[in-house]
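The structure appears right after this line, and notes come after that.
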Amino acid sequence: MAQRKMRLGAFIMATGHHIAAWRHPGSQADAGVNIDHYIRLAQTAERGLFDQVFVADSPGVQQQQDSVEAFSRQGRISYFEPVTLWAALSAVTKHIGFVATASTTYEDPFLLARKFASLDHISKGRAAWNVVTTGSENVYGNFGLDKHPDPEVRYEKAHEFLDVVKGLWDSFEDDAFIRDQESGIYFDPDKLHALNHVGKYLKVSGPLNLERSPQGQPVIVQAGSSEPGRELAAATAEAIFTAWTSLEEAQAFYRDVKGRLAKYGRRPEQLLVLPGISPVVGRTQEEADAKWAELQALIHPSVGLATIARFWPGEDIASWDLDAPPPYYPTPAAGRNSRHHVVIELARREQFTVRQLYEYLAGARGHWVVVGTPQKIADEMQRWFENGAADGFNVMPPVLPASLDDFVELVIPELQRRGLFRTAYEGTTLRENLGLDKPQNLFSVQQAKAA
Ligand SMILES: Cc1cc2nc3c(=O)[nH]c(=O)nc-3n(C[C@H](O)[C@H](O)[C@H](O)COP(=O)(O)O)c2cc1C
């Protein structure tokens, strides 16, 4: 039997995932609005045979800090809208998939369905949608709302939103278009279906003014790990992005989400679990340690404190001793998202000082950081991959472009040598490369059943 292969995504965060990345000489300081930078990243990832590149997104400026000084030092504040960006990059790449984030809380389902189906056509079958309900609490004012909806409401709406978008994507059956110049018949109206959806949150008639895309539907990705997030993933997603820092937590999560699939009539391999890993690669351990230390030294204390302030709401943490553990660990308020639990548990388990905690989080914002040689990084990835914790990884380079170059040059060949990663793309669409089925058209299935 062929050896199971890892799926790899490059999670591209403008200047890099490290909070001080934009100050590092290996980064591109204006990355968020530099198309040449993104072209280079996508082409590098494709050279490394990555399945996909991914950008996170939120529809507004995120000011999590009270401190204006810390805010002014934040690098990730101005950046492209993802679908627009990926449409441009699809023209300068051939194989790599594009995962764009879009919000079910703040976007319109018809326009979103049209945008993503367009991206799937433009890229010839390489589009994916990272479905988020939007975690940040301060963008509602951009959309005429008076507050950020509660998580339960956001997730309930997300289920309905996904049904609508998928229904719109199937507006035309696969063989609806005849385009016979001889007879003059362009398409078969019997194969066009209006959705006529009326639900709790949405009312959308359809049909979509765009035929079914090369993948049938773009790949659905989900990135919430709370109870309702896991349920949404089990019901609808084909890949789930997640953040764990220990093998045991990652295994428990993997078992949990895979275990939820059966009740939706789905098989475990129809949902790929992709935890994040932020690798700091050196040719020797010393070189990797030195790279990490160089980055950590670039974190300004006001920025560091601002990254952890939200975990201790209402507390004047600036007065705490940076070189002692936090004086107490709060219990996250009900309704707080799963990230709060992960971070506080990590701080308690490691007995980090305040400085160590913010330095750790700044590295990859609570994701898993591995500092070492290509062999050490491959060992860790293999351990998770072969022990029921991951189907692959979201690789989160700390500094861009430098750390993606390192990964492609040094770690990919090591994974290939071990038979854990492909040596050529298998298919032409993202679905084919990820080993995911092309979804059947909803209306064709209904009609076949009725016949
Ligand atoms: C790897 C990863 C990427 C994410 N990307 C985004 C994003 O781009 N935009 C966003 O609003 N939330 C993003 N999230 C957050 C989740 O979608 C979700 O809102 C958050 O985890 C809180 O929900 P939860 O309580 O269900 O986990 C991401 C989470 C992870 C783990």
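FYI, the numbering just counts along the sequence from 1. We count ligands from 1, going down the list as the structure has it; atoms in each ligand are counted the same way.
- Of the candidates Asn394, Val132, Leu232, Val132 brings a heavy atom nearest to atom 10 (C) of ligand 1.
- Ligand 1 places these atoms under 4.0 Å from at least one heavy atom of Phe241: 1 (C), 31 (C).
- The atoms of ligand 1 that sit less than 4.0 Å from any heavy atom of Ala56 are 5 (N), 7 (C), 8 (O).
- Between Tyr155 and ligand 1, at least one N/O pair is under 3.5 Å apart.
- Residue-ligand proximity: Glu227 is placed with every non-hydrogen atom at 4.0 Å or more from ligand 1.
- For ligand 1 and Ala223, the ligand atoms under 4.0 Å from any heavy atom of the residue are 2 (C), 3 (C), 4 (C), 15 (C), 16 (C), 17 (O), 18 (C), 21 (O), 28 (C), 29 (C), 30 (C), 31 (C).
- For ligand 1, the atoms lying closer than 4.0 Å to a non-hydrogen atom of Thr101 are 7 (C), 8 (O), 9 (N).
- Relative ring orientation between His367 and Phe11 is described as perpendicular, the plane-to-plane angle rising above 60° on a 0-90° scale split at 30° and 60°.
- Ligand 1 has a nitrogen or oxygen under 3.5 angstrom from a nitrogen or oxygen of Ser226.
- Taking 4.0 Å as the cut-off between side-chain N and carboxylate O, Lys115 and Glu107 count as a salt-bridged pair.
- Taking the ring centroids of Trp384 and Trp244, they lie at or beyond the 6.0 Å cut-off.
- Distances from ligand 1 to the non-hydrogen atoms of Ser58 include no value under 4.0 Å.
- In terms of modelled atom types and a separation under 3.5 Å, the side chain of Ser403 and the main chain of Pro397 share no donor-acceptor contact.
- Between Asp120 and Arg431, none of the side-chain N atoms (NZ, or NE/NH1/NH2) sits under 4.0 Å from a carboxylate O, so this pair counts as no salt bridge.
- Residue Val55 does not touch ligand 1, judged by heavy-atom distances below 4.0 Å.
- Here Glu414 pairs with Arg418 in a salt bridge; the nearest charged N to carboxylate O distance falls below 4.0 Å.
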Atom pairs and distances, donor-acceptor, side-chain atoms in residues 216-223, under 3.5 Å, two or more places apart:
residue	atom	partner	partner atom	Å
Gln217	NE2	Lys166	O	3.4
Gln217	NE2	Asp170	OD1	3.1
Gln217	NE2	Asp170	OD2	3.3
Gln222	OE1	Gly224	N	3.0
Gln222	NE2	Gly224	O	3.0
Gln222	NE2	Gly229	O	3.1

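- With sequence neighbours left out, the side-chain contact (heavy atoms from CB on, under 4.5 Å) criterion links Tyr201 to Val153, Glu156, Lys157, Glu160.
- Of all atoms in ligand 1, listed by their number and element, those nearer than 4.0 Å to a heavy atom of Phe11 are 1 (C).
- No N or O atom of His367 sits closer than 3.5 Å to an N or O atom of ligand 1.
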